[in-house]
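See below for the structure under consideration.
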Amino acid sequence: MNSLEKVFYVDEIHVLKNDDFLCQLSAEINQMILTNFESLVQLLYRIDVSEMKLKSILKEQPNEDAGRIIAHLIVERQMQKIILKKQPN
């Protein structure tokens with residue numbers, strides 16, 4: 001299972017915060033930017049990453065690694081989902 005697939009099944013925040021996981025996820029995202037951008041856009045929609053927030057950050061940080069920025073946003077969103085799931089109804 002690659003990092004992009006793993007993001008959907010991880011339910012522990014410490015796994016998402018792991019530097020190795022984040023580096024691997026960033027590399028996979030950069031590869032998708034180059035080879036399969038449409039699938040990346042669909043994935044971001046499925047994960048529910050804010051398009052406005054992504055565009056804003058990419059514009060503010062044009063010299064930063066886009067894959068790393070996107071990876072951080074994915075991890076941030078997934079952590080929000082984990083926290084919400086663990087809250088009592």
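When a residue number appears, it is its place in the shown sequence, counting from 1.
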Min side-chain heavy-atom separation E64-I57 under 4.5 Å | no

With a cut-off of 3.5 Å and sequence neighbours excluded, list every side-chain donor-acceptor pair involving residues 36-43.
residue, atom, partner, partner atom, Å
N36, OD1, S39, OG, 2.9
N36, ND2, S39, OG, 3.1

Looking at residues at least two apart in the chain, or sitting in another chain, which of them share a side-chain contact (heavy atoms from CB on, under 4.5 Å) with L58?
-> L54, A66, I69

Sequence-distant partners of L34, side-chain contact (heavy atoms from CB on, under 4.5 Å), two or more places apart | none

For the student: nearest non-hydrogen atoms of G67 and N30, plus distance = N-OD1, 3.1 Å

Please, which pairs that meet salt bridge (charged side-chain N to carboxylate O under 4.0 Å, His left out) have at least one residue in residues 49-60, sequence neighbours excluded?
-> E51-K55, K53-E76

Quick one: are Q78 and V75 in side-chain contact, heavy atoms under 4.5 Å?
-> no

Ignoring hydrogens and geometry, is there a side-chain-to-backbone donor-acceptor pair from S56 to M52 under 3.5 Å?
-> no

Heavy-atom closest contact (R46 atom, K81 atom, distance) = O-NZ, 4.2 Å

Answer whether the closest heavy-atom distance between the side chains of H72 and R68 falls below 4.5 Å.
-> yes

Joint hydrophobic cluster, I83 plus I47, side-chain heavy atoms closer than 4.5 Å | yes

D48: partners by salt bridge (charged side-chain N to carboxylate O under 4.0 Å, His left out), with sequence neighbours left out = R77

Report the distance from atom CD1 of I29 to atom CG of D65, rounding to the nearest 0.5 Å.
-> 9.0 Å

Given side chains that start at C-beta, do those of L44 and I70 come closer than 4.5 Å, heavy atoms only?
-> yes

By side-chain contact (heavy atoms from CB on, under 4.5 Å), which residues pair with N18, not counting sequence neighbours?
-> D20, F21

